[in-house]
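What follows is one structure encoded as structure tokens, with my remarks underneath.
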Amino acid sequence: MAWMILVVAGLFEIGWAIGLKYTEGFTRLWPSVGTVTAMVLSVGLLGLAMRTLPVGTAYAVWTGIGALGTVILGIVLFGEPATVARLVCVGLILAGIVGLKLTA
């Protein structure tokens, strides 16, 4: 169950990272409300997952999910470059997440 909670926390991390772009420096109300809500949920769920998962593993997986999703959505939503080097690095992040899951 802790792994499921951690994945959801990572998804909320993606939400707030992408949401920051839409807040325009927290000058837009509803994107700001959604971003702050996602932040609180993300950290709160991370805390719940850390009750049973090792802190290093949980934090690394949480940030990895956030980084992976944010890079992918940056490419899709904002037209950020999808160079071979970037995609290889994203693949390495994914490999790290899977590796931590398999060894935890």
Side-chain angles (χ1 to χ4, degrees):
M1 186 65 162
W3 282 102
M4 197 77 129
I5 292 169
L6 185 60
V7 168
V8 173
L11 295 175
F12 277 113
E13 185 184 4
I14 296 166
W16 71 256
I18 294 297
L20 283 173
K21 182 80 168 175
Y22 291 105
T23 68
E24 295 179 12
F26 292 101
T27 60
R28 298 179 63 214
L29 177 62
W30 293 113
S32 297
V33 169
T35 299
V36 170
T37 300
M39 287 176 173
V40 170
L41 289 169
S42 180
V43 173
L45 291 170
L46 173 63
L48 283 175
M50 282 187 179
R51 286 183 176 175
T52 56
L53 296 175
V55 65
T57 299
Y59 184 76
V61 169
W62 178 69
T63 58
I65 292 169
L68 182 71
T70 303
V71 168
I72 291 169
L73 286 178
I75 291 167
V76 172
L77 297 175
F78 306 122
E80 295 176 0
T83 63
V84 171
R86 268 186 112 194
L87 296 176
V88 167
C89 291
V90 168
L92 291 171
I93 293 170
L94 179 59
I97 293 168
V98 171
L100 287 170
K101 168 62 173 115
L102 294 175
T103 60

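- In this structure Val98 satisfies the side chain to side chain contact (heavy atoms under 4.5 Å, CB included) test together with Leu94, Leu102, sequence neighbours excluded.
- Scored by the side chain to side chain contact (heavy atoms under 4.5 Å, CB included) test, Ala95 finds no partners at all (sequence neighbours excluded).
- At least one side-chain heavy atom of Trp3 sits less than 4.5 Å from a side-chain heavy atom of Thr57.
- Applying the ring-ring contact (aromatic ring centres under 6.0 Å, His included) rule to pairs touching residues 39-91 yields Tyr22-Phe78, Tyr59-Trp62, sequence neighbours excluded.
- Note on Leu46: it does not cluster hydrophobically with Met39, by side-chain heavy-atom contacts below 4.5 Å among ILVMFWY residues.
- Apart from Trp30 itself, the hydrophobic cluster it occupies contains Leu29, Val33, where clustering links Ile, Leu, Val, Met, Phe, Trp and Tyr at side-chain heavy-atom distances under 4.5 Å.
- Of the possible donor and acceptor atoms, one in the side chain of Ser42 sits under 3.5 Å from a partner among the backbone N and O of Ala9.
- Judged as a salt bridge (Lys or Arg N to Asp or Glu O under 4.0 Å), not a single pair has a partner in residues 40-66 (not counting sequence neighbours).
- Under the ring pair (Phe, Tyr, Trp, His ring centres under 6.0 Å) criterion, Phe26 pairs with no residue, sequence neighbours left out.
- Both Val55 and Ile97 belong to a common hydrophobic cluster when Ile, Leu, Val, Met, Phe, Trp and Tyr are linked at side-chain heavy-atom distances under 4.5 angstrom.
- The CD1 atom of Ile93 sits 11.5 Å away from the CD1 atom of Ile65 when rounded to the nearest 0.5 Å.
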Under 3.5 Å donor-acceptor pairs involving side-chain atoms of residues 68-77, not counting sequence neighbours:
| residue | atom | partner | partner atom | Å |
| --- | --- | --- | --- | --- |
| Thr70 | OG1 | Gly66 | O | 2.6 |

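- Hydrophobic cluster membership for Val8: Met1, Ile5, Phe12, Leu41, Leu45, Leu48 (Ile, Leu, Val, Met, Phe, Trp, Tyr linked by side-chain heavy atoms under 4.5 Å, directly or transitively).
- Applying the side chain to side chain contact (heavy atoms under 4.5 Å, CB included) test to Thr83 and every residue at least two apart in sequence or in another chain returns Pro81, Ala85, Arg86.
- The hydrophobic clustering, which links ILVMFWY residues whose side-chain heavy atoms are closer than 4.5 Å, places Val43 and Val40 apart.
- Residue pairs that meet the salt bridge (Lys or Arg N to Asp or Glu O under 4.0 Å) test with at least one member in residues 93-104, sequence neighbours left out, do not exist here.
- Listed by first then second residue, pairs satisfying ring-ring contact (aromatic ring centres under 6.0 Å, His included) with a partner in residues 83-104 number zero, not counting sequence neighbours.
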